[in-house]
K.L.:
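One structure, as structure tokens, below. Some questions next.
So you know, we letter chains A, B, ... as the sequences are listed, proteins then strands, and number each from 1. In what follows, every heavy atom counts, from backbone to side chain, and hydrogens, waters and symmetry copies are set aside.
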Amino acid sequence: MPINDSAFSTDFIRSIIAEDLKTNKNNGRVMTRFPPEPNGYLHIGHAKSICLNFSIAKEHRGGVCNLRFDDTNPSKEEIEYIESIKKDVKWLGFDWEDRLYFASDYFEQMYQYAEQLIKAGAAYVDDQSADEIRLTRGTLTEPGTESPFRNRGVEENLDLFRRMRAGGFPNGAKVLRAKIDMSHPNINMRDPVMYRILHTSHHRTGDKWCIYPMYDWAHGLEDSIEGITHSICTLEFEDHRPLYDWFLDRLGVYHPRQIEFARLNLSYTVMSKRKLLGLVKEGYVTGWDDPRMPTISGLRRRGFTPEAIRIFCDKIGVAKRDSMVDVALLEHCIREDLNKRAPRRMAVLRPLKIVIDNYPDNLVEELDAVNNPEDPAAGVRKVPFSKVIYIEQDDFREDPPKKYYRLAPGREVRLRYAYFISCTGVIKDESGEVRELHCTYDPATRGGDAPDGRKVQGTLHWVSANHAVTAEVRLYDRLFTVENPSAAKDDAEYRSFINPDSLQVLNDCKLEPALGEAEPGEIFQFERMGYFVADSVDSRPGRTLFNRTVTLKDTWAKIEKAQVRKQDSNVAKDKEKPAKHETGAAPVGEEITIDDFSKVDLRVGVIREAGLVEGADKLIRVMVDLGEGTLRQIFAAIRRAYHEPEKLVGKQVVVVANLKPRQMKFGLSEGMILAGVGKGALSIATFEGKLSPGDKVS
RNA sequence: UGGGGUGUCGUCAAGCGGUAAGACACGGGCCUUUGGAGUCCGCAUUCGGAGGUUCGAAUCCUCCCACCCCAGCCA
């Protein structure tokens with residue numbers, strides 16, 4: 001392994017640029033551009049491109065990056081988007097200085113270039129309709145055929161083109177086409193359209209134009225006019241590069257270099273404008289800036305910082321292979337950033353009341369709490385403590401499982417920055433729900449340290465009941481339940497991937513008093529709970545709402561999950577987790593109850609047939625061999641995870657064999673297949689190895 | 001069956017003929033008044049596959065396989 005002596009490793013684009021610099025290709029200039037079409041909001045995928053383009057420019061002496069709106073299609077674009085895009089780029093921390101450009105500013109110049117091409121016999125006016133053009137373009141494997149108008153004379157073309165500009169023809173009547181090669185293996189080269197007639201006013205040029213340039217024609221010209229050295233775009237434009245080059249070469253003008261990289265895909269979300277717009281329009285989210293959206297405005301409202309997003313874009317790298325970045329990396333980046341800067345506060349999200357019996361009735365103590373252990377300069381604050389406090393419901397268990405360090409009857413824990421308390425009594429309501437706890441405190445442990453050196457395992461956050469600010473807190477989770485929702489084969493399936501629990505609203509949260517004065521946009525760490533930002537849209541004076549940005553890493557949750565998993569497989573197996581919670585209605589498992597798990601009869605089954613069930617979008621019908629001579633029919637609500645049931649055939653599964661057969665609308669279901677949810681994905685329990693149908697599983 | 005791309009750890013990603021960086025995730029230890037943070041350790045005998053060239057191949061050659069993109073008067 002050679003030591004990387006020269007600088008640090010760079011991506012392939014930076015290598016190309018370094019090489020160009022070395023050969024003095026552009027006289028030492030580096031100029032890039034970020035060219036959004038103003039027809040939607042920017043998302044994290046755009047952030048990757050923004051960071052790339054602006055950072056590359058910044059890395060070189062004299063390098064600059066332009067912000068250019070590619071506004072060549074007046075029917076799709078709106079001013080609202082221009083403003084949001086400018087705001088987002090700025091917020092991300094990048095500066096285009098005085099280089100804010102619009103493709104529409106070059107329309108006249110482009111027009112002149114078009115006449116130049118016509119005069120050179122390299123472009124012609126075609127009278128064919130859109131349909132005719134499509135039909136004569138050929139297919140991927142067959143060449144196209146030439147337009148009957150292809151060989152018009154230069155004068156006629158010029159005249160027609162000028163009349164197109166003058167408004168002499170209705171929409172669609174004519175187009176200007178480049179005269180290249182109708183049998184070119186690259187479809188983009190089969191006489192591509194350069195101009196179309198659109199009698200639509202443009203948000204910047206008004207009614208000055210009724211012909212508008214197409215992307216392929218316009219983009220290279222924009223780059224050339226601005227003197228861009230490296231025109232960086234995404235992979236799907238790779239096929240367009242020959243055309244980009246063709247136009248520029250034919251014109252004999254300055255010729256930037258187009259370089260393509262793979263766009264960002266993020267797990268558990270979608271990135272296409274169309275899909276994002278769909279989520280907004282169909283009301284799955286409240287808007288483009290909904291905190292669940294991967295848009296820059298959504299992330300901002302969620303509590304993400306520009307620094308975290310930039311670090312993320314840096315960490316994911318730049319390459320040409322299609323990839324899917326784990327959203328856990330994004331979460332890591334925001335945690336890392338916020339850990340250093342977010343002030344800590346105490347907030348009880350799901351309150352459980354505690355009365356400290358031996359604490360003086362009317363005493364209120366102001367205790368010191370550290371604002372940020374990572375940053376001594378952040379100082380300390382006072383937190384009021386009194387006889388009645390709230391702790392998190394989840395921080396008490398009447399019957400604590402193994403490794404549970406928190407409060408339980410008879411247990412002593414520390415209240416952060418306050419006292420050790422011991423649980424002496426539990427008050428429940430009629431339904432058996434724990435309503436209130438009684439505890440005693442040890443006055444000697446004020447501040448949280450025991451003079452006798454005794455230790456407690458758990459430290460809980462708390463809020464004094466009398467001083468608490470009651471507030472709404474919104475808990476956000478991923479928008480989709482599957483890693484790659486875009487892989488859905490149709491709309492219905494796509495919709496079924498949407499996470500119904502992506503937003504949970506908590507109305508009765510108890511916050512420490514200092515949080516009452518939070519300004520919109522301020523970010524805090526609620527100790528032990530996560531990072532939260534004061535919402536900047538729905539907050540009202542005196543009534544601040546908080547959005548959860550991301551949870552803290554939760555070791556206990558992991559342990560508990562592992563325990564449950566262990567129970568599932570060891571103890572009485574079952575617990576029949578099959579899809580039930582995840583798929584909503586679970587026609588199979590719902591009514592089946594087994595009091596004693598030891599009675600469950602688990603058997604090896606081999607799936608012999610599997611298919612979809614007509615009229616049930618969650619079910620799959622399988623025929624399972626349990627070695628009984630006949631196959632058993634089982635309906636399992638696992639379609640979400642197995643879109644192609646055929647692939648289940650031959651798999652060994654665990655079947656609960658001694659259930660009472662259940663009559664369903666679609667037929668008799670004679671058993672149940674074990675399935676579980678891991679990492680958010682539903683899957684059936686399966687295994688390799690030589691086992692025979694009907695073998696007992698233990 | 002045309003053209004253009006891409007295949008290195010679960011996920012990103014270095015590597016450019018000298019014997020597989022790093023990050024996230026995951027597992028484990030230490031530490032801890034956040035089961036947070038921090039810290040330490042582990043985690044690809046192998047680079048889509050098969051041949052070949054070479055003292056030496058993820059890197060070069062040949063063939064094969066898989067995946068992505070392209071038939072808007074969208075960008």
K.L.:
Determine: side-chain N/O of A/Lys558 to OP1/OP2 of B/C26, distance under 4.0 Å, yes or no.
P.N.:
yes
K.L.:
Classify A/Ile197 by what it touches in the nucleic acid, base, sugar-phosphate, or nothing, heavy-atom distance under 4.0 Å.
P.N.:
nothing
K.L.:
Examine the base of B/G35 for any acceptor or donor lying under 3.5 Å from a partner atom in the side chain of A/Arg406, and report the outcome as yes or no.
P.N.:
yes
K.L.:
Do any side-chain nitrogens or oxygens of A/Lys315 fall under 4.0 Å of OP1 or OP2 in B/A13?
P.N.:
no
K.L.:
Taking a pair as Watson-Crick or G-U wobble with both distances under 3.5 Å, which nucleotide is matched to B/U6?
P.N.:
B/A66
K.L.:
With respect to the phosphate group of B/A75, does any side-chain polar atom (N or O) of A/Thr72 fall under 4.0 Å of OP1 or OP2?
P.N.:
yes
K.L.:
Can you tell me how the ring of A/His202 sits relative to the ring of A/Tyr212, calling it parallel under 30°, perpendicular over 60° and tilted otherwise?
P.N.:
parallel
K.L.:
Given B/C73, is OP1 or OP2 found less than 4.0 Å from the side-chain N or O atoms of A/Arg137?
P.N.:
yes
K.L.:
Using the P atom in both, what is the distance from B/G48 to B/C9, to the nearest Å?
P.N.:
8 Å
K.L.:
Could A/Arg68 and A/Phe102 be counted as a cation-pi pair, given that NZ or CZ must be under 6.0 Å from the ring centre and within 45° of the axis?
P.N.:
no
K.L.:
For A/Met189, report the nucleic acid contact type (base, sugar-phosphate, nothing); a contact means any heavy atom under 4.0 Å.
P.N.:
nothing
K.L.:
Within the 4.0 Å heavy-atom criterion, would you say A/Arg344 contacts the bases, only the backbone, or no part of the nucleic acid?
P.N.:
base
K.L.:
Passes side chain to side chain donor-acceptor pair (under 3.5 Å), A/Tyr215 versus A/Asn73? Steps please.
P.N.:
CA-CA 9 Å; A/Tyr215 170 86; A/Asn73 187 345; over 6 Å; no
K.L.:
Compare all side-chain heavy atoms of A/Asp322 with those of A/Leu235 and state whether any distance is below 4.5 angstrom.
P.N.:
yes
K.L.:
It should be established whether A/Arg196 places a side-chain nitrogen or oxygen under 4.0 Å from OP1 or OP2 of nucleotide B/A75.
P.N.:
yes
K.L.:
I want to check one thing: is the phosphate of B/G36, taken as OP1 and OP2, less than 4.0 Å away from some side-chain N or O of A/Arg335?
P.N.:
no
K.L.:
With rounding to the closest Å, how many angstrom separate the P atoms on B/G10 and B/G72?
P.N.:
39 Å
K.L.:
At under 4.0 Å, does any side-chain N or O of A/Arg321 touch on OP1 or OP2 of B/U8?
P.N.:
yes
K.L.:
Using the P atom on both, measure B/A71 against B/A58 and round to a whole Å.
P.N.:
39 Å
K.L.:
Does a side-chain N or O of A/His461 approach OP1 or OP2 of B/U34 to a distance below 4.0 Å, or not?
P.N.:
no
K.L.:
Reckon A/Thr555 has a side-chain N or O less than 4.0 Å from the OP1 or OP2 of B/G36?
P.N.:
yes
